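Scroll down for the structure; my scribbles are underneath it.
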Amino acid sequence: MTTTTTGRPSDAPEPDPGAARQLPTDPDHSPGQPPKADDAFERDRLPAPRNAARSLLASLLAPHRRRVGVVAVLLLLQQAAVQAGPLLVAYALDRAVPALRAGDHGPLVAVAVVAVLCAAASGGLQWGFIRLSALISQDVLVDLRGRIFRHGQALSLDFHERYTSGRLISRATTDVESLRELLDEGIQELITIALSTVYITVTLLFLDGGFGLAALVSAAPLALQVRAYRRRSHRVYSAKSTAMAGVIVQFTETLNGIRPVQAFRRERSNDAAFAKLNHRHERVNGDAFLEMARYVVLSRLAANVAVAAIVLWGAYRVATGGLALGVLAAAVLYLRRLYDPIDRLGMFLNAYESAAASLQKIAGLLAQRPSVPEPSAPAGLPAVASGRPGREVAFREVRFAYRTGGEVLPRFDLTLAAGSTVAVVGATGAGKSTLAKLLARFYDPTEGRVLLDGVELRELSTAELRRAVVMVTQEAFLFSGTVADNIALGRPDATRAEIESAAKAIGAHDFITALPDGYDTDVRKRGGRISAGQRQLVGFARALLADPAVLILDEATSSLDIPGERAVQRAMDTVLRGRTAVVIAHRLSTVEIADRVLVMADGRIVEDGPPDRLVKDRGRFAALHQAWRDSLV
Ligand SMILES: Nc1ncnc2c1ncn2[C@@H]1O[C@H](COP(=O)(O)OP(=O)(O)OP(=O)(O)O)[C@@H](O)[C@H]1O
């Protein structure tokens, strides 16, 4: 687990408005049941509504509607300028050259001037188009990356445990990148191809009805090939995005766990696992190239056969006097231009399928809803009577199972009096942390209710819950920033004096002032410069500053040295005072300061009472206590 955190892992914003309305997180799964091994998370195919990718793209482009319109007009004009070329050739051959022979220079000069104007206009319009479309695509990508980040933060712990950060990174990087390729290059290609096809077909029909019709008929086999290619490449690109995510997941997992990886010499087996995933990605990429190659070869063949047939037919008509040579020359130029973009159409389809597969995955992610949702009409907590420490906590008929496992806590009832310090002990895996996480509302119970002063946690707003319940976890996570920033996380509006007085009360002031820049020392990533015990003290100072009514402490098991342990112990006394405290106690010395001890075994509370009474009762706790006493001798 992570840091001094509050009821929810983050300042969760509202889920993205652009996302499609909710579907169940996993339709194959019912609460309390272990999921199927082959679930949507495993396959990296989260369910999304039909057309989710398209509506996501539409919602991304909607704010730029006007600029998209301008881009389309620029392209339309640019294509008109480009496609005038062959018409000018036909005019020059059939009109300007005979006129020149008759001593009239005018038509040829006119052709030259128009050709220069068309070239200049085409260049200028293309520049405007590229500039504007780049601005739109950058804005769209910033928006999409922001949505993924905000949504990732808003989703509950339950989701993150199953999805993994590697996949989220893959969504926000490679998948967003494939959308960029579509927006920057693909859409321009598509519009250019579509416009030039329309221009050319209309011009051919205008030049010669027979050629126009022949061009239309020859397009049919090409259209069939495009369809078949789309279908095949859709499959390949979906697999490609999954394979890329697999590579990133392995990468992040290995590097996040670099210490155990090196300590247990996992490098070789990690290399093997990574090589396998890398090869899978390579294979899928190879499949994509093969599909593209097949498409290009077949479509070029069809296009060349069509051009050859039409040229033969045209030459015959010119020979028999049924067609002007200039018209044949222009028609052949237009036909080449009509078929030339076939390769580019393939490129566009690649970009499109890749972006569609990525958008589908992003849409699946954005369609997820927090399993610990914000209430639509939050209730407030009753005011605390002055002098009364903490708030009462009650578990009512609570039962809990993780989505990825069986039942962990069978049905139970439990009330913790306001202001009491309750130690929870038990073997590893007994369910202590799970109980604590339900109280911090990292998860909602599968059945039953958790109440704070009679108000159900589900009814509290995140902000209120965060103020009331704070959980300090074993690995006191430090964010990049200064030591002061890290303490102030407990109360962002705290003054420097308040931060320092919290640190003093905890006994952290001396070590902090001994750091190179005191409170302004940058803790760097993961608090590299600060020892485990010191990190815990910073975590306690954070909690003390937050001053919650209920504090949950997952006590460290890390082997601190004796002075370190004493410092943490003293700090704990300070931080627990004046509030309801639940301490997951790994050190029996902690239990001595508790008013009440809960002993857990297999998810059940098997002993419950003040520590002295449990020692006298000679049950499990008494045995644990005796073992601890013996270890001190
Ligand atoms: N995220 C999770 N998904 C599925 N099962 C989980 C998850 N977290 C814990 N469990 C399971 O729930 C049971 C209780 O775990 P829990 O972490 O609450 O135990 P604990 O008593 O706090 O143990 P420890 O003292 O080792 O921290 C264990 O069997 C564990 O495997």
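Fair warning: this is a prediction, and the values are worked out from it, not measured in the lab. Counting starts at 1 for both ligands and their atoms, following the listed order.
- When the options Thr428, Asp602, Thr434 are ranked by their closest heavy atom to atom 24 (P) of ligand 1, first place goes to Thr428.
- Here atom 25 (O) of ligand 1 lies nearest to Lys432 when heavy atoms of His160, Arg403, Arg162, Lys432 are compared.
- Salt bridge present: Arg579 and Asp547 bring a charged side-chain N and a carboxylate O closer than 4.0 Å.
- For the residue pair Asp175 and Ser178, no side-chain donor N or O sits within less than 3.5 Å of a side-chain acceptor on the partner.
- Looking from atom 23 (O) of ligand 1 to the surrounding protein, the closest heavy atom is Gly429 N, 2.8 Å.
- Using a 4.0 Å cut-off between charged side-chain N and carboxylate O, Asp617 and Arg613 make a salt bridge.
- In terms of protein heavy atoms, atom 9 (C) of ligand 1 is closest to Tyr402 CE1, 3.4 Å.
- Residue nearest to atom 21 (O) of ligand 1, selected from Ala601, Gly406, Gly431, Ala401: Gly431 (by heavy-atom distance).
- Close contacts between ligand 1 and Ala427 involve ligand atoms 21 (O) [criterion: under 4.0 Å to a heavy atom].
- When only non-hydrogen protein atoms are considered, atom 3 (N) of ligand 1 lies nearest to Thr404 OG1, 3.1 Å.
- Here Val408 has side-chain heavy atoms under 4.0 Å from ligand 1, and that is the only part of it that gets that close.
- Close contacts between ligand 1 and Ser433 involve ligand atoms 17 (O), 18 (O), 20 (P), 22 (O), 27 (O) [criterion: under 4.0 Å to a heavy atom].
- Thr434 and Tyr402 share a side-chain donor-acceptor pair at under 3.5 Å.
- Judged purely by atom type and a 3.5 angstrom limit, Asp608 has no side-chain atom pairing as donor or acceptor with the backbone of Leu598.
- Salt-bridge check for Arg147 with Asp143: passed, with a basic side-chain N closer than 4.0 Å to an acidic carboxylate O.
- Contacts between Glu161 and ligand 1 below 4.0 angstrom, taking non-hydrogen atoms only, involve the side chain exclusively.
- A salt bridge links Arg458 with Asp444: the distance from a Lys NZ or Arg NE/NH1/NH2 to an Asp or Glu carboxylate oxygen falls below 4.0 Å.
- Less than 4.0 angstrom separates atom 30 (C) of ligand 1 from none of the non-hydrogen atoms of the protein.
- Under a 4.0 angstrom heavy-atom cut-off, Gly426 registers as lying outside contact with ligand 1.
- Crowding of Arg596 atom CZ: a count of heavy atoms from other residues, nucleotides or ligands under 6.0 Å exceeding 12.
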